[in-house]
J.: 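Here it is, the structure, as structure tokens.
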Amino acid sequence: MVLNNLNYPLDFKFKITTLASDFNITDRNGNYVAYVRQKMFKLKEDVIVFNDESKSKELFRIRANQWIDFNASYSLSEFATGRNFGRMARKGMRSFWKASYDVLDANDQPKFKIQEDSAWVRFFDHLVGEIPLVGAFTGYFLNPSYTVTGIDGKEYFKLKKMPSFFGRRFQLDRLIDIDDEEESLVILSLLMMTLLERARG
């Protein structure tokens, strides 16, 4: 199974009514693409991607390869068959200042990089976020963006955090066409990255 015929941009919208990190993915017409749920109280991060919020069909699974850590990588697989798409690897302490991830295929070959566009947005978000009252509104004017670049140097996707009070919304645009299998690999990587980066603030 691959994700295909997607109508961009895609909207990632987190739920604020649950303790778990859950979010819906819809296309530009408001149609469901997936529902993402991160299992709670796990020493190793474990994420299930469902067809929609009813959770009637499990599509993909994302699992950390070790206990929660800056150097963890995350395996991306189809739920029903266990078929491996590849993995996403966080770039250790370099990600502490400016988010950077490698996306590797099923043969563990580098295919894409996900990089935060500006480290200063994160810096000022943390700085202003400490100011009483004012900090509550940083989600409206300090919003990071991330670019997915191929090993060919081309920019394939752009993910942006959208203005919102609770930092609930992200929007994903595809900049140029891409193979369906590679598209699924990138989108699954971005789902996991969004969970990780949102948890960091």
Side-chain angles (χ1 to χ4, degrees), residues 2-15 21-38 45 47 49 59-60 62 73-74 76 85-91 94-104 110-126 138-201:
V2 293
L3 297 167
N4 55 18
N5 299 319
L6 298 175
N7 293 315
Y8 290 88
L10 303 183
D11 282 315
F12 299 2
K13 189 172 182 179
F14 280 83
K15 299 183 70 177
S21 293
D22 296 10
F23 64 94
N24 294 303
I25 304 175
T26 53
D27 67 12
R28 68 181 178 192
N29 299 317
N31 298 316
Y32 255 109
V33 174
Y35 176 68
V36 180
R37 182 175 181 83
Q38 185 173 26
E45 286 151 328
V47 175
V49 182
L59 304 178
F60 304 101
I62 305 172
S73 67
Y74 303 86
L76 315 164
F85 280 94
R87 66 185 179 94
M88 181 192 75
R90 182 162 43 191
K91 286 191 170 181
R94 279 182 289 175
S95 290
F96 191 77
W97 171 242
K98 184 177 178 180
S100 183
Y101 298 83
D102 287 325
V103 179
L104 301 96
K111 299 293 289 185
F112 302 93
K113 290 184 180 295
I114 306 172
Q115 291 186 305
E116 189 171 3
D117 294 328
S118 173
W120 289 108
V121 172
R122 181 189 298 276
F123 173 77
F124 285 115
D125 188 20
H126 283 296
T138 59
Y140 280 105
F141 58 89
L142 288 172
N143 293 296
S145 61
Y146 308 85
T147 301
V148 178
T149 307
I151 55 173
D152 55 8
K154 296 178 181 178
E155 294 183 355
Y156 284 85
F157 292 87
K158 178 80 73 173
L159 178 70
K160 298 178 182 178
K161 185 179 177 184
M162 306 302 287
S164 62
F165 188 73
F166 291 104
R168 299 175 59 201
R169 293 187 59 235
F170 292 75
Q171 189 172 85
L172 176 64
D173 265 310
R174 186 178 63 192
L175 305 178
I176 54 177
D177 286 339
I178 187 174
D179 173 81
D180 286 344
E181 184 125 353
E182 291 187 342
E183 184 175 26
S184 296
L185 172 64
V186 170
I187 292 176
L188 290 172
S189 297
L190 287 170
L191 301 186
M192 189 66 230
M193 188 213 73
T194 302
L195 288 167
L196 294 170
E197 293 302 308
R198 187 172 184 266
R200 289 173 64 191

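All residue numbers refer to positions in the sequence shown, counting from 1.
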J.: Could you tell me which residues satisfy side chain to side chain donor-acceptor pair (under 3.5 Å) with Tyr8, sequence neighbours excluded, listed by chain and number?
T.: Glu183

J.: Give, for atom CD of Gln171 and atom CZ of Arg28, the distance between the pair rounded to the nearest 0.5 Å.
T.: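 If I round to the nearest 0.5 Å, the distance is 12.0 Å.
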
J.: Out of curiosity, Arg90 CZ to Ser73 OG, how far, rounded to the nearest 0.5 Å?
T.: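 Interatomic distance, Arg90 CZ to Ser73 OG, rounded to 0.5 Å: 10.5 Å.
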
J.: What heavy-atom pair brings Thr149 and Glu155 nearest, and what distance separates the two atoms?
T.: OG1-CG, 4.2 Å

J.: Taking side chain as C-beta onward, heavy atoms only, is Leu188 less than 4.5 Å from Tyr74?
T.: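 Not touching, per the 4.5 Å side-chain cut-off.
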
J.: Calculate, to the nearest 0.5 Å, the distance between atoms CD1 and CZ belonging to Ile187 and Arg174 respectively.
T.: 8.5 Å

J.: Considering non-hydrogen atoms only, spot the tightest contact between Val103 and Ser189 and give its length.
T.: CG1-OG, 3.5 Å

J.: With sequence neighbours left out, write down each residue that passes side chain to side chain donor-acceptor pair (under 3.5 Å) with Asp102, or none if nothing qualifies.
T.: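 Listed in chain order: Lys113.
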
J.: Using side-chain heavy atoms (C-beta onward) and a distance below 4.5 Å, is Glu45 in contact with Leu195?
T.: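 No, their side chains stay 4.5 Å or more apart.
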
J.: Below 6.0 angstrom between ring centroids: does that apply to Tyr101 and Tyr146?
T.: no

J.: Rounded to the nearest 0.5 Å, what's the gap from NZ on Lys111 to CG on Asp179? Could you check?
T.: 8.5 Å

J.: Between atom OG1 of Thr26 and atom CG of Leu10, what is the distance when rounded to the nearest 0.5 Å?
T.: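 The CG atom of Leu10 is 8.0 Å from OG1 of Thr26, to the nearest 0.5 Å.
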
J.: For Lys158, check salt bridge (charged side-chain N to carboxylate O under 4.0 Å, His left out) against everything at least two apart and list the hits.
T.: Asp117

J.: Grab the two heavy atoms, one from Met88 and one from Leu196, that are nearest each other, plus how far apart they are.
T.: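 Nearest pair, atom of Met88 first, then Leu196: CE-CD1, 4.0 Å.
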
J.: Which residues satisfy the side chain to side chain contact (heavy atoms under 4.5 Å, CB included) test with Asn24, sequence neighbours excluded?
T.: Lys15, Tyr32, Tyr35, Glu53

J.: Any chance you could lay out the side-chain contact (heavy atoms from CB on, under 4.5 Å) test for Val148 and Met193, step after step, and finish with the verdict?
T.: CA-CA 12 Å; Val148 178; Met193 188 213 73; over 6 Å; no

J.: When rounded to the nearest 0.5 angstrom, what distance separates CD1 in Ile25 from CG in Asp27?
T.: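 Ile25 atom CD1 to Asp27 atom CG measures 11.0 Å (nearest 0.5 Å).
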
J.: Do Ile178 and Phe157 come within less than 4.5 Å of each other through their side chains, counting heavy atoms only?
T.: yes

J.: Tell me, please, which residues at least two apart from Tyr156 pass ring pair (Phe, Tyr, Trp, His ring centres under 6.0 Å).
T.: Phe112

J.: Are the side chains of Val47 and Phe60 in contact, using a 4.5 Å heavy-atom criterion?
T.: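 Answer no - side chains too far apart.
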
J.: For Lys160, check side chain to side chain donor-acceptor pair (under 3.5 Å) against everything at least two apart and list the hits.
T.: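 Once residues adjacent in sequence are excluded, Lys160 has no partner under the side chain to side chain donor-acceptor pair (under 3.5 Å) criterion.
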
J.: Quick one: does Phe12's side chain get under 4.5 Å of Leu159's, heavy atoms only?
T.: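 Counting from C-beta outward, Phe12 and Leu159 do come under 4.5 Å.
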
